[in-house]
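These figures come from a predicted structure and were not determined experimentally. Excluded from the calculations below are hydrogen atoms, water molecules and symmetry mates; all remaining heavy atoms, backbone and side chain alike, are included.
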Amino acid sequence: MSRILGPGIVVGLAVALARPATAQTPDPVPDTTTQREPPAIPLPAVEVIGSAASLSRVPGSAAILTRSTLDRVRAFTVTEVLRNATGVHVRDEEGLALRPNIGIRGLMPTRSATVLLLEDGIPFTLAPYGDNASYYHPAFERFDRIEILKGSGQILFGPRTVGGVINYVTPEIPGRPAGRVEVAGGSRGYLSGRVRFGGTWAGAGLLVDVGRKASDGARDNVGTTLVDGTLKTSIALGARQSLVLKAAFHRERSLVTYSGLTEAEWATAPRQNPFRNDSMFLDRYGFSATHRIPFGSALTLTTAGYAYRVSRDWWRQSSNSAERPNDASDPQCGGMANLNTSCGNQGRLRAYEVVGVEPRLRADFAGGVHQLDVGLRLHHETQDRQQVNGALPTARTPGPASDVNSGVTEDNFRSNTAVSAFAQHRFFVSRWAITGGLRLEQVDFERINRRPTPTQPQGVRGTTSLTQLIPGLGVTFLAGEMVTVFAGVHRGFAPPRTEDIINNNTGEVVELDAERSWNYELGMRTGAGSGFSIEATAFAMNFENQIIPASVAGGTGATLTSAGRTLHEGIELGVRASARERWGWRHDVTVSLAYTWLPVAEFQGERYAFVGQAAPDVPGKVYADQNANGTRQRVSVTGRRLPYAPRHLLTAAVGWRAPRGLDVHVEAVHVAQQFGDPVNTRVTVPDGQQGPVPAVTLWNVTANWVVPGLDVTLFGTVKNLFDELYIGDRTRGLLPGAPRMAQFGASRSF
């Protein structure tokens, strides 16, 4: 962290705020004071952080976004929620964050592929080891809180330990019957409703959560309907054992495109969508079982088993942009004029199946001075992938054999089997807590191309494997009654995608290493008990090999490539304050701030990238493309800034709460300029996929009013208050960010 002024400021602030110190102690019992009713039996759960009180000894930057935060901002999407955490950059895509693009500390946010996403400690992405892209994301409204961990403590979770872990925690089952109902409607066809009810009877608990959401999205000719449901039950097995079973489904029916706009189309009508026949059909069914059994007072074994299946069919029209290579050879797709008449479409048909089991043992010994966590995960996943080309824009089946551009053009089966083992030991010495851990990841890859070739009529099969040890060490120091200083270092690791490491046509292994980095943190935090809390962190991520998409799903250039050495350095600052909690004011004034400064996010070493069309402001050698997509330009990217890594991120809010239920919240969100490609093209290129992404500042206003005597909350919110038109993404052409959207509704707890 030699190029930023972080450590001295952080330590100095900690000393200035310090109070008389006391010795550190083991994790306290989770705080349940905010729950309507405590659970009737102890419920097993795999948590990344735990209660807010546990933050004091987390050896790294961490945050907990509670249910009250989610309710207060009245977010349309999970994008708005996650922006309240430092270091987190989220790009929206279609208006509802159906497929959020989450990046942490300058990592590429596309499809959240660099972030480990969990629900109750269990991975939920389509293929966590083989293809971590988040084409599915659960409805954030059904969660009770969100845990975000970016430090060395994340090696207890895998397989991705580079940027951070985001864990969505479902509500606990109440001890007596209780529920919640919420309905809302708004602009652009927004309509949502959710019902939750649960309770405990005769030692068994039940919680049911069902929701529906619909919207017309951020562009023309798009629309989405989502339906999801969760059934969670708890069973007491004897006096101390407990079992939680959870089943969930998620159904999406969307008219939503994959393609953005060219520069000319954007200039004409930035919210247009020529690809009106595109559609997404997604169904997900999941099941998990979590069992906890204590052995005396010092040992507890928690075992989680999980399985889920996702069916994802995305039908996308052909276009006239460079990202669709079949256009040049298809006489029916000569331009936009016949896009919706004679030009066919492509069905990207996917089915994913995932199953795993993970036992974890927690041991507390020597009077709680030592804590040991050990565990093992067995995980298996498969991907069944086809591309089916239809002859017409509305086709949902292969075209006739006479059409050379129709039929099944991809037929792949991919699988990954992973074994993970991990151990973490924490011990307490006076005001110090020292945490050391080690994780082992062993991954087997298989790819089968089931389409026959002249030399291999039975298809092509390729296999490989990799093994990685991931160490981590973290330290916390209780500098005062409410001040903790922390520092940590850990090895970052993320496996390559199956499709990138095994060649589809030959089955040979591609020389593409896993992502590896050394990650460092130094920071401090204060507790929230006094009505004021702050967390300041200086961080560095030094990659030996980072995988940077020179193209995304057929965009500019080639596919995922090894970017070699990269460096990320920055500072995060999070602040929360409440006048009522601090000074006892009847009228509460609240302030919150989440700021990230990322001065360094750059390629190092001698690296090159290909960009699609020749950029006039970037010198480089120009090549004729072999698939008739125009030209490509080979450019050195050494010293250039990583794509989609804004230098500044800021979410700041001020709120006012009246003594009798009125709550007004004003929020400003600022995202600094980004580059849309690795070579940092500063002028726009006609296809819209290269050029800068200008800075934007958005304003949001929310009001909540608790109706006296009715236990009903009425709310209204306006997002993007001044209707700012801004570019959200360039990876597949220009996509607009969400326009001004208003929402009004009511909720009631009972």
Side-chain angles (χ1 to χ4, degrees), residues 1 3-4 6 61 79 82-83 85-93 100-115 150 160 162-164 492 494 515 517 519-521 537-552 555-557 560-573 594-605 607 609 611 618 635 637-651 669-682 689-696 726-731 735 737:
M1 292 178 278
R3 296 166 64 177
I4 59 175
S61 178
T79 297
L82 294 176
R83 283 173 175 166
T86 61
V88 180
H89 174 39
V90 191
R91 293 199 326 254
D92 206 348
E93 187 170 309
N101 299 282
I102 306 169
I104 292 180
R105 294 176 171 174
L107 294 175
M108 187 71 171
T110 300
R111 294 285 176 259
S112 309
T114 60
V115 181
K150 292 164 281 183
R160 297 173 190 279
V162 179
E515 289 188 285
S517 66
N519 299 355
Y520 307 90
E521 281 190 328
T537 308
F539 64 86
M541 296 191 299
N542 195 342
F543 278 87
E544 299 169 14
N545 182 57
Q546 184 176 170
I547 306 301
I548 298 292
S551 128
V552 179
T556 58
L560 295 181
T561 59
S562 171
R565 294 194 301 117
T566 63
L567 179 65
H568 303 237
E569 291 183 344
I571 291 178
E572 300 167 347
L573 178 64
Y595 172 65
T596 304
W597 178 43
L598 188 68
V600 180
E602 67 183 27
F603 296 93
Q604 297 194 325
R607 303 301 300 178
V611 293
V618 179
V635 177
V637 297
T638 304
R640 299 181 192 268
R641 194 165 182 88
L642 296 170
Y644 295 100
R647 194 175 298 270
H648 302 279
L649 293 170
L650 173 67
T651 299
V669 178
H670 176 76
V671 180
Q673 177 183 280
Q674 309 160 64
F675 289 109
D677 56 77
V679 301
N680 300 174
T681 308
R682 295 182 180 274
Q689 298 176 27
Q690 295 170 246
V693 178
V696 63
Y726 63 99
I727 298 172
D729 191 5
R730 281 186 178 273
T731 53
L735 291 179

Would you mind checking if Arg105 and Glu569 are paired as a salt bridge, meaning a charged N to carboxylate O distance below 4.0 Å?
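Salt bridge: no.
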Considering all heavy atoms, the nearest [X]-[Y] contact:
X: Thr86; Y: Ser61; answer: OG1-OG, 4.3 Å
X: Gly106; Y: Ala645; answer: O-CB, 3.8 Å
X: Pro646; Y: Ala672; answer: CB-O, 3.6 Å

When you measure from the side chain of [X] to the backbone of [Y], do you find a donor-acceptor pair of N or O atoms at a distance under 3.5 Å?
X: Ser112; Y: Ile102; value: yes
X: Asn519; Y: Gly492; value: no
X: Ser517; Y: Asn542; value: no
X: Asp677; Y: Gly691; value: yes
X: Arg160; Y: Gly164; value: no
X: Arg647; Y: Pro599; value: yes
X: Arg730; Y: Pro692; value: yes

Side chains of [X] and [Y], donor plus acceptor under 3.5 Å:
X: Asn101; Y: Tyr644; answer: no
X: Thr566; Y: Glu602; answer: no
X: Lys150; Y: Thr537; answer: no

Arg91 vs Thr110, test: side chain to side chain donor-acceptor pair (under 3.5 Å). Steps then yes/no.
CA-CA 8 Å; Arg91 293 199 326 254; Thr110 300; 3.2 Å; yes
Report yes if the distance between the aromatic ring centroids of Phe539 and His568 is under 6.0 Å, otherwise no.
no
Separation between CG of Leu642 and CZ of Phe603, rounded to the nearest 0.5 Å
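The CG atom of Leu642 sits 5.0 Å away from the CZ atom of Phe603.
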Angle between ring planes, His648 versus Trp597, binned at 30° and 60°: parallel, tilted or perpendicular?
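Ring orientation, 0 to 90° scale: parallel.
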